[in-house]
Number of protein chains: 2
Amino acid sequence: MDYKKLDNEDLKYIIDLVKDADRVLYGENINEEYSHDELSDTTSYPDVVVKVTSTEEVSEIMKYAYENNIPVTPRGSGTGLVGASVAIEHGIMIDTSLMNHFLELDEENLTLTVEPGVLLMEISAYVEERDLFYPPDPGEKSATIGGNISTNAGGMRAVKYGVTRDYVRGLEVVLPDGRIVEFGGKVVKNSTGYAMKDLMVGSEGTLGIITKAILKLIPLPKKAISLLIPFPTLEQAIGTVPLIVKSKSIPTAIEFMQREVIIDAEQYLGKKFPDNSSDAYLLLKFDGNSTEEIERAYDSVAKICQEQGAIDILISDTTEREESIWKARGAFLEAIKGSTTYMDEVDVVVPRSSVNEMVEYIHNLYKEVNIRIKSFGHAGDGNLHAYVLKDDLSEEEWEEKMTLAMDKIYNKARELEGQVSGEHGIGYAKKSYLMKSLDPAHVELMLGIKKAFDPKNILNPHKVCQL
Amino acid sequence: MDYKKLDNEDLKYIIDLVKDADRVLYGENINEEYSHDELSDTTSYPDVVVKVTSTEEVSEIMKYAYENNIPVTPRGSGTGLVGASVAIEHGIMIDTSLMNHFLELDEENLTLTVEPGVLLMEISAYVEERDLFYPPDPGEKSATIGGNISTNAGGMRAVKYGVTRDYVRGLEVVLPDGRIVEFGGKVVKNSTGYAMKDLMVGSEGTLGIITKAILKLIPLPKKAISLLIPFPTLEQAIGTVPLIVKSKSIPTAIEFMQREVIIDAEQYLGKKFPDNSSDAYLLLKFDGNSTEEIERAYDSVAKICQEQGAIDILISDTTEREESIWKARGAFLEAIKGSTTYMDEVDVVVPRSSVNEMVEYIHNLYKEVNIRIKSFGHAGDGNLHAYVLKDDLSEEEWEEKMTLAMDKIYNKARELEGQVSGEHGIGYAKKSYLMKSLDPAHVELMLGIKKAFDPKNILNPHKVCQL
């Protein structure tokens, strides 16, 4: 693609526009962090980073970039795993992390309006203090809400509550040409034209820059209790999940985990997990408004687990124990990362009934490809996180084996009618697998949508469906 | 727009393709029903109606239409209210009502795969018999699921369960050029490219023809109990709603109704409603898995209602009483229609906190414009249905007063940050109001999306965002 290379004149224009030189980084002032995200090996520096503070600023920058054909990459806190926030074509990076204000809590409509740079952990603290609840709960709490919306992050409570898209009611978006539009609003239902709000959610910064979000809140459940359930085998553990889902007691979360990942987490956190004696575990959470209500729900589920061969049912009914379990669960990614030299991720999602086949397939790849792979994930919604580990392989061996393992995993997911990504997105790193999994007509439609929003292709080029 | 007028050669091609002359209607064989929908005054005959029976047939017809530049209009059972299924440019009408098969019930993944012509009432009967539940519950039970998906129908259980889009996991779609694509699938989470499934839902037959849908089911709640709550004034009734929504007991439905509409329904059904002595009512429904659980939920809500001045709390805990109340509620549209010579509808949605202001405004329009308007609706989600009645006005008076009333209502909805349609869609009849309510940039994006799907503009032209 033929973009204008950012020059001193452009830089001067941006500094004048922003009126605060401290918020414009260039040359040696650009921290290395800005050249990559949390995991993918995609590395590329922007020519300039602008730490924006308002919608108008974003709009003015986009207008200038559009007129001058300069590529722009939006970035939150850079916790993505697939390279979506890396400035492949350099140019301008718009860092939204200073747009981190709570704009309005509307208790009558149960909405929270925020700027995109507010962190997930800040949102949960803010609303829970007020007896309200924002259910999406991805592991990475230092992600920005703008980033969560851009990947349609799922998280651990999706089984009962759904994903980020379900909790975004309205968005303010700056289009690639600088125009500001609003999609949705505070309304609960909407059949007014095409589903622009839903389309924007999960578009990974390729269609517009989110500058404001109206989130849906619900009343905070008064209590939550978790069950940690050891099983003799992973197969038995996962085989139990469809039976739980079919029962009338829907847990908030159904996670599966294996001993080796638990041990990684113990080492990483320097803290013991309540149990690590079994090969495989289900971790269930139930929430509700009274202990009796929750007990009734988990009693029937505990019975199902026992019938399926569970070794024990460990109930965590104190806040302390609850926190320690979920903190360990939240640290899995970092713990695995700490256990190897380098790794790459897989975020496939398959129908719930195929989780066992998928997990077993990944497990057996170790022997077939001779590379270490660790996995854990959301058994309740079929979304698996598998990490292929480099350990002490040479670059060459790593490339070869990793590629082979990836190819096989994505092929298997396709065979099981799964999809490439359950919540991490496609970004830059997973494009080739997306292309293999979709019909050419489907890709054409996505490119057509991209063109409708960004005819000059200046916003986050080479991402999602663009080669 | 410059389309090819359907001629005898085209007709012959279609009959040969379908191989069953009984399924191809033309000339005098086209029933008058095919020239309009349930309410809008948009009237136009197609040149030919094809009662399709398979995806391949739809694909072949679209290919031919695309090559020959013939407009195509999809139609389910024609119960829409805004003219979306009317063949404005004539050409081919694809009637999906014979594609009415249940394809698969997957009890492990809790999905139901159906053809688009299956009726909403057939779905609820089929799944509830099997102890499963498809929550979306629009009043019009003889609508097809394809039609429900095309308007993103909401219905009465949206307060607790959400709308149609939330229960569509995957779609098979025939594109305007005849290619067949699949969006989504049986997976529960999906961040794999743009939200094509979500975009297709609510696109009112303008982007593609839905030929198969994978629906999400949930376990059937064991019991439901309704409360009919008379209030001295409508203002008090509706003012109570935000307090209910904020409480921790979320009802399945929160409907408001007024005496005059209840009396219409009594006359229409020839059956007494449990109570018609008050000016205004809230009708609440609670569901759950035990009587105690439901009682606990409605006890706290009943208390809130009493504190807000409710006259009484009428509990309907027998199936018979429950059915009679909801049957009356389901008949409101037909009952109002039966009480006048002609009418037109408004389906605005406003933030829940503004429902009272909106309802009061509509109520007072009677004096201002001197035209009868009846309203009822989903107080729990801010979606109001108001019907402007012609009675014995002359055509001229009707046009003038109806237009004035409509303009005023939509202006007021905009002022309250509402949207043109909560669930009925835009179709043909509401386009001018949509155009007034949206930013030109927003309309441009929608037209760009339409172009990406339908570059020759042959599928359902003049609908939603197209003048």
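Labels below follow one simple rule: chain letters A, B, ... track the order of the sequence lines, proteins then strands, and each chain is numbered from 1. Heavy-atom basis, side chains included; hydrogens, waters and symmetry copies ignored.
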S.K.: If I measure from the heavy atoms of chain B, does A:Ala441 come under 4.5 Å with its side chain, its backbone, both, or neither?
M.R.: both
S.K.: Only pairs of heavy atoms separated by less than 4.5 Å count here; which of A:Gly185, A:Pro351, A:Ala153 has the most with chain B?
M.R.: A:Pro351
S.K.: When rounded to the nearest 0.5 angstrom, what distance separates CG in B:Asp198 from NZ in A:Lys197?
M.R.: 8.0 Å
S.K.: Is the backbone of A:Ser421 close enough, under 3.5 Å, to the side chain of B:Thr192 for a donor and an acceptor to pair up by distance?
M.R.: yes
S.K.: Nearest 0.5 angstrom please: B:Arg165 CZ to A:Lys189 NZ, how far?
M.R.: 13.0 Å
S.K.: Kindly compute the distance separating CG (A:Asn190) from CG (B:Asp381), expressed to the nearest 0.5 Å.
M.R.: 11.5 Å
S.K.: Quick one: do B:Arg296 and A:Glu292 make a salt bridge, cutoff under 4.0 Å?
M.R.: no
S.K.: How many angstroms lie between CG in B:Asn109 and NZ in A:Lys246, if you round to the nearest 0.5 Å?
M.R.: 10.0 Å
S.K.: side-chain contact (heavy atoms from CB on, under 4.5 Å) between A:Ile449 and B:Leu199: does it pass, once the steps are laid out?
M.R.: CA-CA 11 Å; A:Ile449 291 172; B:Leu199 179 63; 3.7 Å; yes
S.K.: Counting heavy-atom pairs closer than 4.5 Å to chain A, which one of B:Ile180, B:Leu217, B:Leu447, B:Val420 comes out on top?
M.R.: B:Val420
S.K.: Do you know which of B:Glu293, B:Lys431, B:Met200, B:Glu444 has the most heavy-atom pairs under 4.5 Å to chain A?
M.R.: B:Glu444
S.K.: Judged by atom type as modelled, is there a donor-acceptor pair below 3.5 Å linking the side chain of B:Asn152 to the main-chain atoms of A:Ser191?
M.R.: no
S.K.: In Å, rounded to the nearest 0.5 Å, how long is the span from OH of B:Tyr194 to CD1 of A:Ile426?
M.R.: 11.0 Å
S.K.: For chain A, find which of B:Leu110, B:Ile218, B:Val464, B:Thr111 contributes the most heavy-atom pairs closer than 4.5 angstrom.
M.R.: B:Leu110
S.K.: B:Glu417 versus A:Glu182: any side-chain heavy-atom pair under 4.5 Å?
M.R.: no
S.K.: Taking A:Ser249, A:Gly162, A:Ala195, A:Gly154 one by one, which has the highest count of heavy-atom pairs under 4.5 Å against chain B?
M.R.: A:Ala195
S.K.: Of the listed residues (A:Asp166, A:Leu220, A:Val163), which shares the most heavy-atom pairs with chain B below a 4.5 Å separation?
M.R.: A:Leu220
S.K.: Looking at A:Ser353, A:Gly184, A:Gly448, A:Gly380, which one has more heavy-atom pairs under 4.5 Å with chain B than the rest?
M.R.: A:Ser353
S.K.: So which of A:Leu132, A:Thr151, A:Ile250, A:Leu207 has the biggest tally of heavy-atom pairs under 4.5 Å with chain B?
M.R.: A:Leu207
S.K.: When you compare the side chain of A:Leu445 with that of B:Leu175, does any pair of heavy atoms fall below 4.5 Å?
M.R.: yes
S.K.: Tell me, out of A:Asp439, A:Val159, A:Asn289, who's got the most heavy-atom pairs with chain B below 4.5 Å.
M.R.: A:Asn289
S.K.: Counting heavy atoms not belonging to A:Lys451, are there more than 12 under 6.0 Å from its NZ?
M.R.: no
S.K.: On a heavy-atom basis, which atom in B:Ser247 and which in A:Pro219 lie closest, and how many Å separate them?
M.R.: O-CG, 3.4 Å
S.K.: Closest approach of B:Val181 and A:His442, non-hydrogen atoms and distance?
M.R.: CG1-N, 4.1 Å
S.K.: Below 4.5 Å, heavy-atom pairs only: which of B:Gly202, B:Gly382, B:Ser203 has the largest tally toward chain A?
M.R.: B:Ser203
S.K.: Which region of A:Val245, side chain (C-beta onward) or backbone (N, CA, C, O), has a non-hydrogen atom less than 4.5 Å from a non-hydrogen atom of chain B, or is it both or neither?
M.R.: both
S.K.: As an exercise: rank B:Asp106, B:Asp131, B:Leu243, B:Val201 by heavy-atom pairs under 4.5 Å with chain A and give me the winner.
M.R.: B:Asp131
S.K.: Is there a side-chain contact between A:Arg352 and B:Glu108 in this structure, where contact means two heavy atoms from C-beta onward sitting under 4.5 Å apart?
M.R.: no
S.K.: Just give me the residue among B:Lys463, B:Met446, B:Lys186 that pairs up with chain A most often, heavy atom to heavy atom, under 4.5 Å.
M.R.: B:Met446
